[in-house]
Amino acid sequence: MSFGPEYIHGLQAALNKNFPWRVSKVEGGESWIALRVSGPENFGRKLDEKRNLDEKRNSEWFLLSWGSGSAGCCLVDAPSVDALKKYAPARSPLVEALKSRFLKGQILAARQLNFDRVLELEVVRFVAAGFGVRYFLVLEATEPTSNLVLLDAERRIEELARHVSPDHNRYRTLLPGHLYVPPPAFQGPLPSELESLSFEGLSKVKGIGRPLTRLIEAHWEDRAPDGWLSALRDLYRPDQTKTLTCQCTSKGYFTCFPGLFPEAKPVENTKGMEEKDTEGAWVASARQGVLFPLLARLRSRLLRDMDARVARAVKSKERHLEGLLKQLKNNAEAELFRRKGELLLANLAAIAPRANKAELREWGSGEVLEIELDPHLSPSRNAERYFKKYKKARVDPQKIQEEAASLRCAVEELQEQRDLLDSIEDPAKLEEAVQDVMDWVSLPAQKAKKDIRKDLRKDSKKDSGKARKGVRDIPPHLRFEVDGCVVLVGLSARGNRFVTFKQAAGDDLWLHARELPGAHVIVKGLKGREGAALAFAASLAAAHSRGKDALSVQVDCTERRHVRSVPGTVALVTYVDAETIRADPGYWKRFSELENSELESSD
């Protein structure tokens, strides 16, 4: 993702119409900074208690990123910042520098430098008797060498995200204590300085990104040269945010233009630019190029860590399964091991020292057995070795087969976790579900089985002991209230077990994508097998399954009383008396009552 200089100019104009902003908190990670901001209406207010907590939870944050593929700025909500902060691998030194200088300060203005992808914020912090200390924060969204630079009032660098020494850049040095020098300015006329525009001169226009230039060149024949020149002039007019369409190309380039290019799609939150909060929508729309890539990297990191943990657990169970199969194979040879051991004891004197094998005849049957020997052991020790094999191989074949089947189910269940987690879009819920899976696979096998039996008990008494350290009491799940019914969705194997066997009554409806890994969905309070709540729940079951990207998914629906747990697993089940219905995975998002539905984790 990258922003064009014309888009940065629009962001500057939109920000200036919303300033001043008061900065009340600073957070940050390895490649991003977030400032909690509030408008002039909140200046001087001292919020407290519940109102303070609610306003902080719903407050807006100004996010600035210099990471590869996410360089830019936008407005985000508090849950998004919490998700980024929780799994930030490291914190830039810039975070502490901004905390000491920006807290209780005000962002007064934004300026685009040299009509480039460089945005400068002017910040003032009042220290005493109206005396203010002025700072500048410069965001260089110049992929792939993006940077964030803190300057003092004399424009000297105080701290920055990426240091650039003279050995790496002869044009400018970016180190603390040096005067700040912006990136080299593009040499060319602005659209407003042109009297005419030609195809050959298009690439020489200042303030226009190269991807936008290529788009115009591809559609040059669609307009007259004067029409293109008028459109380019519109990019830098004072009221441009009300007349331009923010759009993103298929290659991730964000631009704005009077009209939508066929290769681009409108950016979220920029439709209806005539609405009251046009500028706020413009700033918020940049989330798609800044916040979304950061969250995608967070999601990738979470799933990668979980995949590694699950892979180790699967490998361990597969090794256990191989041992069981080997034990089952040896069971068929158990009697042969006993016969060989007895033959060795009966013929100790007939066996040559350090022999590799011996051929001995059984007294009763007359059969000659060829016996492999360890030349480093005496004949009696070799006999003892065969008796140990015999003792180890004497097992109940049926019990071994049942345990092997249980292990296969456990491996299948572990491998299905990724499909379930892939369907979770909420970063906070994803983190909760991933942590739950990692807690689960980290438990020793015997303790995990004990926990399964404990959770499946129908005893309503609460456990008096303390909760296990690091393991959540309530497994991750979603709760919706739709059309007078409660809909529960498991977000992990233990979440599935929780909603199915701990929350659901026998006559509640249970739904699951047919023959696909996915979430267990429970509908409580629905009479019969039809209605808006059932369609909503079926859509949730489809959306939280491997078929989430399909146009429609078959979903099985039955009463909870007809669902049985597979022994040795957490949430694998068998069920009967099911009715199959077709569900659209996207229907639940479009549901007319979704905005009034309660989405929360049940106690």
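Keep in mind that this is a model prediction, so the values were computed, not measured.
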Any donor-acceptor pair under 3.5 Å linking the side chain of Gln247 with the backbone of Thr245? yes

For Asn114 and Pro183, the nearest pair of non-hydrogen atoms, with its separation, is ND2-O, 3.9 Å

Under 3.5 Å, is there a donor-acceptor pair between the Thr255 and Glu6 side chains? yes

Of Asp234, Leu215, Ile216, the residue whose pairing with Phe257 passes side chain to side chain contact (heavy atoms under 4.5 Å, CB included): Ile216

Between the side chains of Arg233 and Ser192, is a donor N or O closer than 3.5 angstrom to an acceptor N or O? no

Counting N and O atoms only, with roles assigned by atom type, does the side chain of Gln417 sit under 3.5 Å from a partner on the main chain of Ala493, one being a donor and the other an acceptor? yes

Heavy-atom donor-acceptor pair, Ser423 side chain to Leu420 backbone, under 3.5 Å: yes

Can you name the side-chain contact (heavy atoms from CB on, under 4.5 Å) partners of Ala311, sequence neighbours left out? none

Report yes if some heavy atom in the side chain of Asp422 is under 4.5 Å from a heavy atom in the side chain of Leu303; otherwise report no. yes

Throw together a table of side-chain donor-acceptor distances under 3.5 angstrom for residues 145-154, partners on residues two or more places apart or in other chains.
| from | atom 1 | to | atom 2 | distance (Å) |
| --- | --- | --- | --- | --- |
| Thr145 | OG1 | Thr142 | O | 3.3 |
| Asn147 | OD1 | Ala161 | N | 3.4 |
| Asn147 | OD1 | Arg162 | N | 2.9 |
| Asn147 | ND2 | Arg162 | O | 2.8 |
| Asp152 | OD1 | Glu154 | N | 3.0 |
| Asp152 | OD1 | Arg155 | N | 2.9 |
| Asp152 | OD1 | Arg156 | N | 2.8 |

Quick one, Leu194 and Leu232 - any side-chain contact, counting heavy atoms below 4.5 Å? no

Could you tell me if the side chain of Asn18 sits less than 4.5 Å from the side chain of Leu15, heavy atoms only? no

If you look only at pairs with a residue in residues 294-314, which of them pass as a salt bridge (Lys or Arg N to Asp or Glu O under 4.0 Å), with sequence neighbours excluded? Asp307-Arg418

Verify the distance criterion only: is there a donor paired with an acceptor across the side chains of Asp116 and Gln112 at less than 3.5 Å? no

Once you round to the nearest 0.5 Å, how far does NE2 of His544 lie from NZ of Lys548? 10.0 Å

Just verifying a value: how many Å separate Leu98 CG and Glu158 CD, rounded to the nearest 0.5 Å? 10.0 Å

Taking the side chain from Asn16 and the backbone from Ala110, do they hold a donor-acceptor pair closer than 3.5 Å? yes

Please examine the side chains of Ile157 and Leu175, heavy atoms only from C-beta on, and report whether any two atoms are closer than 4.5 Å. no

For the residue pair Phe261 and His219, does the interplanar ring angle fall in the parallel (under 30°), tilted (30 to 60°) or perpendicular (over 60°) class? tilted

More than 12 heavy atoms of other residues, nucleotides or ligands under 6.0 Å from NZ of Lys99: yes or no? yes

d(Trp61 CH2, Leu84 CG) to nearest 0.5 Å is 10.5 Å

Determine the minimum heavy-atom distance between Gly132 and Val124, stating which atoms define it. CA-CG2, 4.0 Å

For Ala433, enumerate each residue passing the side-chain contact (heavy atoms from CB on, under 4.5 Å) test, keeping only those at least two apart in sequence or located in another chain. Leu421, Ile424, Pro476, Leu491

side-chain contact (heavy atoms from CB on, under 4.5 Å) involving Ser65 - partner list, sequence neighbours excluded: Trp32, Ser70, Val290, Leu294

Find out whether Val76 and Arg287 are in side-chain contact, i.e. whether some heavy atom of one side chain is under 4.5 Å from a heavy atom of the other. yes

Partners meeting salt bridge (charged side-chain N to carboxylate O under 4.0 Å, His left out) with Glu122 (sequence neighbours left out): Arg111, Arg134

Within the side chain of Asp436, is there an N or O that forms a donor-acceptor pair under 3.5 Å with the backbone of Glu432? no

Glu221: which residues meet the side-chain contact (heavy atoms from CB on, under 4.5 Å) condition with it, sequence neighbours left out? none

Looking at Pro176 and Leu160, what are the two nearest heavy atoms and their distance? CD-CD2, 3.8 Å

Where at least one partner belongs to residues 25-34, residue pairs that pass salt bridge (Lys or Arg N to Asp or Glu O under 4.0 Å), sequence neighbours excluded: Lys25-Glu27, Glu27-Lys85

Residues forming a salt bridge (charged side-chain N to carboxylate O under 4.0 Å, His left out) with Arg214, sequence neighbours excluded: none

Which pair of heavy atoms, one from Cys256 and one from Leu235, lies closest together, and at what distance? O-CD2, 3.2 Å

Can you tell if the side chain of Ile208 reaches within under 4.5 Å of the side chain of Pro5, non-hydrogen atoms only? no

Side chain to side chain contact (heavy atoms under 4.5 Å, CB included) between Glu140 and Arg117, intermediate numbers included: CA-CA 6 Å; Glu140 298 180 355; Arg117 296 167 293 169; over 6 Å; no

Mind jotting down which residue pairs meet the ring pair (Phe, Tyr, Trp, His ring centres under 6.0 Å) criterion with at least one end in residues 97-123? Sequence neighbours excluded, please. Phe115-Tyr236

Nearest heavy-atom approach of Gly490 to Ala519 is O-CB, 3.1 Å

Do any N or O atoms from the side chain of Glu263 and from the backbone of Cys248 form a donor-acceptor pair under 3.5 angstrom? no

Just by modelled atom types, is the Gly209 backbone N or O under 3.5 Å from a matching donor or acceptor in the Thr213 side chain? yes

Parallel, tilted or perpendicular: which describes the rings of Phe19 and Trp21, with under 30° parallel and over 60° perpendicular? perpendicular

Enumerate the ring pair (Phe, Tyr, Trp, His ring centres under 6.0 Å) contacts for residues 160-210, please, sequence neighbours excluded, ordered by first and then second residue. Phe199-Trp220

Heavy-atom closest pair, residues Ser492 and Val437: CB-CG2, 3.9 Å

Could you note down all residue pairs passing side-chain hydrogen bond (donor to acceptor under 3.5 Å, both in side chains) where residues 197-210 supplies at least one of them, sequence neighbours left out? none

Trp66 and Ser92: CA distance, side-chain angles, deciding distance, side chain to side chain contact (heavy atoms under 4.5 Å, CB included) verdict: CA-CA 11 Å; Trp66 60 92; Ser92 169; 4.0 Å; yes

Would Leu478 and Lys429 satisfy side chain to side chain contact (heavy atoms under 4.5 Å, CB included), going step by step from the backbone distance to the final call? CA-CA 9 Å; Leu478 299 176; Lys429 287 296 181 183; 3.6 Å; yes

Are Gln12 and Leu119 packed together at the side-chain level, in the sense that at least one heavy-atom pair is separated by less than 4.5 angstrom? yes

I'd like to know if the side chain of Glu193 reaches the main chain of Leu190, judged simply by a donor and an acceptor atom lying under 3.5 Å from each other, with no hydrogens or angles considered. yes

With side chain to side chain contact (heavy atoms under 4.5 Å, CB included) as the criterion, how do Asn496 and Val489 come out once you've worked through the C-alpha distance, each side chain's angles and the decisive distance to 0.1 Å? CA-CA 7 Å; Asn496 282 343; Val489 185; over 6 Å; no

Whether Tyr7 and Phe254 hold their rings parallel, tilted or perpendicular, with breakpoints at 30° and 60°: perpendicular

With heavy-atom distances below 4.5 Å as the criterion, would you say the side chains of Val133 and Val127 are in contact? yes

